[in-house]
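Note sheet for the following structure.
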Amino acid sequence: MGEDAKSLNFIEHIIEEDLENGYGKNELRFRFPPEPNGYLHIGHASSICLNFGLGLRYNAPVNLRFDDTNPAKEEKEYVEAIKKDVEWLGFKWDTERYASDYFQQLYDWAKQLIKEGKAYVDSQTSEEMAEQKGTPTEPGKESPHRNRTVEENLRLFEGMKNGEFEEGKHVLRAKIDMTSSNMLMRDPIMYRVLHKPHHRTNTDWCIYPMYDWTHGESDYIEQVSHSLCTLEFLPHRELYNWFLDQLVATDKLRPKQREFARRNLSHTVVSKRKLLQLVESGVVNGWDDPRMPTISGLRRRGYTPESIRNFSETIGIAKRENVVDVSLLEFHVREHLNKIAPRVMAVLNPLKVVITNYDEGKEEWLDAENNPEDESAGNRKVPFSREIFIEKEDFREEANRKFFRLKLGGEVRLKNGYIIKAESCTKDTDGNITEVQCTYDPKSKSGSGTEESLRKVKGTLHWVSVQHAIEAEVRVYDRLFTDATPDGHKDKDFMEFVNKDSFQKVTGYLEPSLKDVKVGDRFQFQRLGYFNVDSDSSEGNLVFNRTVTLRDTWAKLEQKTKQ
RNA sequence: UGACCCAUGGUGUAAUUGGCAACACAGCUGGUUUUGGUCCAGUCGUUCUAGGUUCGAGUCCUAGUGGGUCAACCA
C-alpha cells in the first residue's frame with residue numbers, strides 16, 4: 001500500500017539503521033509505559049500511536065507496562081482506565097506488565113551492585129543530600145556514608161527491606177560521580193523506604209525502587225529494543241546506560257532509550273497536574289468531561305479512535321518544541337464523521353414557521369437521504385406539517401443579498417421538502433420575532449422531478465415539524481481556553497484563560513427518527529455540526545454532546561463584516 | 001555563567017542522507033452543491049544570522065543569536 005511510500009520519522013530512521021547494522025527483525029520490541037496515577041490525554045495518544053504504530057509497522061510485540069513504583073500516588077482505578085483507553089484507540093498489547101512484577105529481581109540486582117561496591121546506603125536527611133548534590137554549575141560533594149563496608153551496606157539495605165527503619169531514615173544510592181556535569185549521575189537514589197501498601201504487592205515491600213533504577217532494567221527484562229520517552233528524559237539516558245552497563249549479559253539484547261518531543265495542543269493544557277487542577281477546582285465535571293483533552297473526554301465528546309490515530313499520524317514525531325493547532329484535530333474528526341455519521345435534522349434555537357396554505361392536520365412523510373457521502377446508508381422518512389421550527393438565525397425581516405436564508409418576500413428551500421416564501425412575521429411586545437408566516441409551492445417537493453422542484457433557490461434550511469419533534473438536552477461545547485497557549489505565559493496562570501462559555505445547555509427539537517438512539521451514536525445535525533449521544537442519556541431523556549461544528553464560512557463572513 | 005538538546009510558511013511534519021524545499025492543516029480567491037457542509041482549482045517561503053567547505057548546502061564545519069532541559073526519597 002502507500003505505507004512504504006510514507007517518509008520516515010527520526011525514530012524509524014534509527015530503527016532502519018539498527019536493522020541494517022545487525023538487529024534481527026524479530027528482536028524489535030516496544031512498550032508503552034504509563035504511570036497509573038492519572039488519566040491518559042491526547043499527548044499520550046501520540047506516544048501510544050508511536051509505539052503501537054511501530055509494532056504494527058515492524059510486526060513487533062508491544063507491551064503495556066505500568067510504571068508502578070510509587071505506591072503513594074498510584075491506584076488500580078487508573079490501571080483500568082488506561083487499559084480501556086488503549087483498547088478504545090484500537091491497539092492490542094502483547095503482554096500486560098507491571099514494574100512491580102520485577103521488584104524481586106531489582107532487589108537482587110541491587111544487592112549485587114552493593115557487593116560490587118557500586119551502591120551504598122546513605123543515612124542523611126534529604127536536605128543534607130540536596131546540599132551535597134551541588135548545582136548545575138558547581139560539582140557536588142561526597143556523602144560521609146559513601147564508603148561504608150559492603151557488609152554494613154548489605155545489613156542496612158536488608159533492614160530497609162524488612163521494615164526496620166522508618167521512612168526517610170536510609171536510602172540506597174548508586175556510587176557514580178558527584179562531580180559529573182550531569183546532576184543525575186551524582187549518586188542517584190535507587191531505593192527509598194515507604195511504608196505504604198502497593199496496589200499489587202500490597203505490604204510485601206517497605207522499599208520501592210526509583211524510576212531510573214527501574215525503567216531501564218524493566219526494558220532489559222522484557223527485552224525491549226527501543227525504549228521511547230519524552231525529551232525531558234534525555235539527561236537520564238546516561239544513567240539509563242550506566243545501570244545497564246552493570247548488568248547486561250553479552251548474549252542478551254541491550255535496550256536503547258531515545259527521546260522525542262511531547263506533543264502540545266493549542267487551546268488546552270496537556271499535563272496531568274493541570275488537568276487534575278481543572279477537575280479539582282470544578283471547572284470541568286471530571287476527567288471525562290467532554291471538554292477535557294483526555295482520551296476519555298474525547299471519547300465522550302464523540303471523537304472516533306480513527307480520527308485520533310489519523311491526527312497522531314499527521315502531526316508526526318520530532319525533537320522540537322511544538323504546539324499543534326487544535327483545528328488539525330478538529331479537521332480529522334470532521335473528516336471521519338463526514339464519512340460515517342448519518343445526517344439528521346435538529347433545531348437548537350427554534351423559531352416557529354406557519355405555512356398558511358398547507359392544510360391544518362395534514363402530514364406528509366418525506367424522503368430523506370441518510371448520508372450523501374455514503375449511498376449504502378440508505379434513506380429514511382421525515383414528517384412534514386403546517387407548523388415547523390427553523391433556527392432563529394435563519395430568518396431576518398430584511399437582509400442583503402449575501403444572506404442566503406429566509407427573509408420577508410424571499411424564498412428558501414426546506415431540506416428534503418418544499419420551497420417556501422416568507423410573507424409576514426409577528427413579534428412580541430419587545431419586538432422579538434415569535435412567528436413567521438409563509439406560503440409553500442406544492443409543486444416544488446424535493447425529488448418529485450417537477451419543473452418547480454428543480455428550481456434553484458440559493459438557500460436551503462433544515463427544519464423539524466413542531467408536532468412530531470422530540471425534545472432532547474443538547475450540550476454545546478466549545479474550546480476550554482480562550483488562549484492558544486494558556487500555560488505559555490510567564491506572568492499569568494493558565495486558569496485565567498478558562499473559556500467561561502465553553503459549555504451551554506440547550507433544548508433541541510429533533511426529528512422523530514432519533515427516538516431510539518443509543519449511547520455513543522454519532523450524527524450530523526445538518527448545517528450545525530456533529531453530535532453524539534452522551535452517557536447521561538436515558539430512555540425518554542435524550543442527551544447529546546456537540547462533538548464539533550461544521551466548517552462555517554458564513555460565520556467567518558459575518559465575523560469579517562462586523563470588524 | 002556550566003552541561004546537554006533544538007531551530008524549515010501562521011501551525012505540524014518531510015526532503016531519496018550533499019542534487020529542483022514537499023505534504024497536511026489554517027488563511028485567502030474562485031467553481032460545484034437541495035447542508036454557507038462535502039468536493040474541485042488557485043494562492044501564500046530570504047530553510048534563525050554571519051562566515052566557510054563544495055560544481056552544488058535546509059543538510060557538513062566554525063562562530064553567534066534565540067528557545068528549551070537539568071539541583072523531587074516523582075515519573
Base, sugar-phosphate, or nothing for [X], non-hydrogen atoms under 4.0 angstrom?
X        : answer
A:His13  : base
A:Ile317 : sugar-phosphate
A:Asn416 : base
A:Pro372 : base
A:Lys490 : sugar-phosphate
A:Val323 : sugar-phosphate
A:Glu321 : sugar-phosphate

### Secondary-structure notation, RNA chain B, from Watson-Crick and G-U pairs under 3.5 angstrom (| other strand)
.((((((..((((.....[..)))).(((((.......)))))....(((((..]....))))))))))).....
As a test of reading the structure: which of [options] is closest to the side chain of [X], going by heavy atoms?
X        : options             : answer
A:Thr137 : B:U34, B:C6, B:G2   : B:G2
A:Thr553 : B:A15, B:G36, B:A75 : B:G36
A:Ser446 : B:G37, B:U13, B:U34 : B:U34
A:Asp67  : B:C6, B:A75, B:G36  : B:A75
A:Phe403 : B:G36, B:A14, B:A75 : B:G36

Using the ring centroid of each side chain, check whether [X] and [Y] are separated by less than 6.0 Å.
X        : Y        : result
A:Tyr240 : A:His236 : no
A:Phe331 : A:Phe311 : no
A:Phe103 : A:His198 : yes
A:Phe389 : A:Tyr509 : yes
A:Trp554 : A:Phe404 : no
A:His267 : A:Phe481 : no
A:Phe544 : A:Phe531 : no
A:Tyr530 : A:Phe525 : no

### Query
Does B:U47 sit syn or anti, given that only angles within 90° of 0 count as syn?
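Anti conformation for B:U47.
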Taking only the [atom1] atom of each, what is the distance from [N] to [M] in whole angstrom?
N     : M     : atom1 : value
B:U59 : B:U49 : P     : 10 Å
B:C40 : B:G45 : P     : 23 Å
B:U65 : B:C73 : C1'   : 40 Å
B:G58 : B:A14 : C1'   : 11 Å

### Task
For A:His332 and for A:Leu234, locate the closest nucleotide of RNA chain B by heavy-atom distance; then report the residue assigned to the nucleotide nearer the 5' terminus.
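It is A:Leu234 whose nearest nucleotide is closer to the 5' end.
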### Message
Please compare A:Glu74 and A:Ser181 by the position of their nearest nucleotide in RNA chain B and report the one closer to 5'.
### Response
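It is A:Ser181, whose closest nucleotide lies nearer the 5' terminus.
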### Query
Are A:Arg200 and A:Tyr98 in a cation-pi contact, defined as NZ or CZ under 6.0 Å from the six-membered ring centre and within 45° of the axis?
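Satisfied, under 6.0 Å and within 45°.
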### Query
Is the Lys NZ or Arg CZ of A:Lys161 less than 6.0 Å from the centre of A:Tyr107's six-membered ring, within 45° of the axis?
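Here A:Lys161 passes the 6.0 Å and 45° test against A:Tyr107.
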### Message
How about CD on A:Glu75, more than 12 heavy atoms from neighbouring residues, nucleotides or ligands closer than 6.0 Å, or not?
### Response
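It does: A:Glu75 CD has more than 12 such atoms within range.
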### Message
So for A:Arg527 and B:U35, does any side-chain atom that can act as donor or acceptor lie under 3.5 Å from a complementary atom in the base?
### Response
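Checked by distance alone, the answer is no.
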### Message
Tell me whether the side-chain N or O atoms of A:Glu369 pair up with the base of B:U34 as donor and acceptor below 3.5 Å, since no angle test is needed here.
### Response
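Per atom types, no contact qualifies.
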### Query
If you measure from the Lys or Arg side-chain nitrogens to the Asp or Glu carboxylate oxygens, is any gap between A:Glu369 and A:Arg343 under 4.0 Å?
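No, this pair does not count.
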For nucleotides 71-73 of chain B, tabulate all protein N/O to nucleotide N/O atom pairs closer than 3.5 Å, reporting atom names and distance.
unit_1	atom_1	unit_2	atom_2	d
B:C73	N4	A:Gln124	O	3.3
B:C73	N4	A:Gly168	O	2.8

### Task
Kindly confirm whether the side-chain ring of A:Trp554 is stacked on the base of B:G36, judged by centres under 5.5 Å and planes under 30°.
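Aromatic stack with B:G36 present for A:Trp554.
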Atom pairs, protein N/O to nucleotides 25-27 of chain B N/O, distance under 3.5 Å:
unit_1	atom_1	unit_2	atom_2	d
B:G27	OP1	A:Lys556	NZ	2.6

Using a cut-off of less than 4.0 Å, is there contact between a side-chain N or O of [X] and OP1 or OP2 of [N]?
X        : N     : value
A:Ser180 : B:A3  : no
A:Thr69  : B:A75 : yes
A:Arg237 : B:C4  : no

